[in-house]
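Letters A, B, ... are given to chains in the order of the sequence lines, protein chains preceding strands, and every chain is numbered from 1.
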2 protein chains.
Amino acid sequence: MPRRQDHTPQELTELAIASVQRHLQQTAASQLSLRKIARDIGYSPGTLINLFGSYSLLLLAVNARTLDDVHQQLQQAIRQSEQQHGSPVQQLEAAANRYCQYASQHPHLWRLLFEHRLADDEPLPTWQAQRIDTLFSLIESRLSALHPAASADQCRTAARVIWSGVHGICSLVLDNKIFLNAGRDNDHLIHSLLSHYLTDWCRT
Amino acid sequence: MPRRQDHTPQELTELAIASVQRHLQQTAASQLSLRKIARDIGYSPGTLINLFGSYSLLLLAVNARTLDDVHQQLQQAIRQSEQQHGSPVQQLEAAANRYCQYASQHPHLWRLLFEHRLADDEPLPTWQAQRIDTLFSLIESRLSALHPAASADQCRTAARVIWSGVHGICSLVLDNKIFLNAGRDNDHLIHSLLSHYLTDWCRT
DNA sequence: ACTCCTTTTTGAACGGTGTTCAATATAGCC
DNA sequence: GGCTATATTGAACACCGTTCAAAAAGGAGT
């Protein structure tokens with residue numbers, strides 16, 4: 001029960017988050033528990049609780065990391081497509097494909113991002129909302145480049161429509177609730193969504 | 001511990017499912033438990049377990065009902081639009097709006113439908129897969145009516161793209177992860193998705 | 001009517017969960 | 001070197017899903 005200084009609070013935070021991420025590479029979040037994490041990093045459950053506040057807040061911290069990772073992935077995909085002189089549509093498609101790739105490579109992390117909820121009031125902390133907004137503006141900027149005549153509000157709407165669609169495709173394919181029994185469903189569906197939607201959207 | 005014949009197994013099944021549905025009108029599934037349901041209907045947890053097999057299978061039975069309800073809602077929305085001489089696009093939009101309406105009126109039931117998973121192997125019983133397929137064919141039929149030249153495979157793909165999009169919009173709006181701070185987000189986004197996508201899709 | 005068997009139902013037990021909190025042993029300060 | 005503040009903990013609490021032996025009632029056969 002003594003004060004140990006094996007790790008600073010920050011190190012401990014990293015340790016815990018890393019442990020969750022490690023577990024979620026192989027097992028679903030429903031199999032995870034605060035006690036297992038504590039056992040894994042060699043501390044007691046209580047220590048994690050007064051570091052994060054609750055198990056739920058620990059998971060929220062993991063989600064923040066995941067969102068950062070996703071943002072970085074999208075940014076990278078867009079930049080790569082840019083360097084290969086891809087059109088804005090191609091850049092968007094690259095981002096969308098990367099998003100689905102991340103989801104299928106880290107299904108448990110990705111699901112935690114959307115299935116984890118705080119209390120019933122669900123006020124979603126502002127720093128997390130900020131992250132989501134930044135992610136959307138990545139898409140909006142490509143839409144604006146694609147169709148300069150579109151207003152900022154039109155881009156906002158289109159970005160949300162498109163990304164909801166991409167997200168929906170990832171969700172349903174990942175859960176096997178779509179049944180196309182063709183390989184590489186993701187890319188095919190995403191291409192259809194983006195090309196048809198954007199072709200007509202540009203006529204506005 | 002005697003054999004009671006207060007209810008037949010079927011009645012008991014209905015009782016349990018109704019209890020879950022009642023709870024999910026107000027509380028999230030995470031707040032629910034087998035013991036609470038048992039207490040609610042006046043039986044022991046064990047009785048429910050050897051009726052359904054496990055808590056998870058009880059929830060699956062609830063999901064089957066939810067899928068049936070959703071199917072019925074969509075069918076009704078399409079029929080209503082038909083009777084008002086709505087175009088296939090309008091029928092699809094009516095179905096999509098009804099879908100989102102159901103989701104926002106029964107958020108906990110709806111989330112359970114997508115967040116509940118069986119064991120890790122996830123083989124999703126065939127009778128449940130059948131239900132999903134029937135639901136998709138509702139959409140495919142409208143697409144075929146809209147664009148008779150399209151092949152069955154093109155309709156299959158389009159139906160899945162569209163419905164993934166609708167589903168994604170519902171998910172993100174429901175979780176407040178989309179931030180459009182305009183009222184009635186759902187309908188606006190859905191209209192954008194359907195009109196832009198379908199306009200170009202018909203040119204195929 | 002009385003047995004005997006089958007079947008339904010249960011309470012208790014097991015190992016797990018997140019969370020609380022008094023007790024505690026150390027690190028840092030005077 | 002002693003004092004205090006604090007990080008850390010183990011034990012306790014109230015839950016959870018699941019298992020299973022025990023028990024009681026229904027039905028069948030005589």
Review point. C:dT9, C:dT19, D:dT19: which one has an atom nearest the side-chain heavy atoms of A:Tyr55?
Key: C:dT19

Practice item. Figure out the CG/C1' separation between A:Leu34 and D:dC15, and round it to whole Å. Key: 15 Å

Check your understanding: In whole Å, what is the span from the CG atom of A:Leu12 to the P atom of D:dA7?
Key -> 11 Å

Review point. Does one side chain, of A:Tyr55 or A:Ser33, offer a donor that lies under 3.5 Å from an acceptor on the other?
Key: no

Revision key, fill the gap. To the nearest angstrom, the CG-P distance between A:Asn50 and D:dT9 comes to 10 Å

Exercise for review: Map A:Ser33 and A:Gly46 onto DNA chain C by nearest heavy atom, then report which one ends up closer to the 5' terminus.
Suggested key: A:Ser33

Study note, to complete from the structure: Out of D:dC16, D:dT18, D:dT8, minimum distance to the side chain of B:Ser54 belongs to D:dT18

Review point. Is the distance from OP1 or OP2 of C:dG18 to the nearest side-chain N or O of A:Ser56 less than 4.0 Å?
Key: no

Exercise for review: Check the side chains of B:Thr27 and B:His108 for a donor-acceptor pair under 3.5 angstrom, ignoring hydrogens and angles.
Suggested key: no

Practice item. May I have the distance from B:Gln31 (atom CD) to D:dC15 (atom P), rounded to whole angstrom? Key: 13 Å

Practice item. Check whether NZ of the Lys or CZ of the Arg A:Arg156 lies under 6.0 Å from the centre of the six-membered ring of A:Phe136 and within 45 degrees of that ring's axis. Key: no

Check your understanding: With a 4.0 Å cut-off on heavy atoms, is B:Pro45 in touch with a base, just the backbone sugar-phosphate, or nothing at all?
Key -> base

Practice item. Assess the side chains of A:Arg65 and A:Gln21: does a donor N or O sit below 3.5 Å from an acceptor N or O? Key: no

Practice item. Round to a whole Å and report the spacing from CG of A:Leu51 to P of C:dT20. Key: 15 Å

Study note, to complete from the structure: When rounded to whole Å, the CZ to P distance for the pair B:Arg35 and C:dG11 reads 11 Å

Exercise for review: Round to a whole Å and report the spacing from CZ of B:Arg39 to P of D:dA14.
Suggested key: 14 Å

Review point. To the nearest Å, how far apart are B:Ile37 CD1 and D:dC15 P?
Key: 16 Å

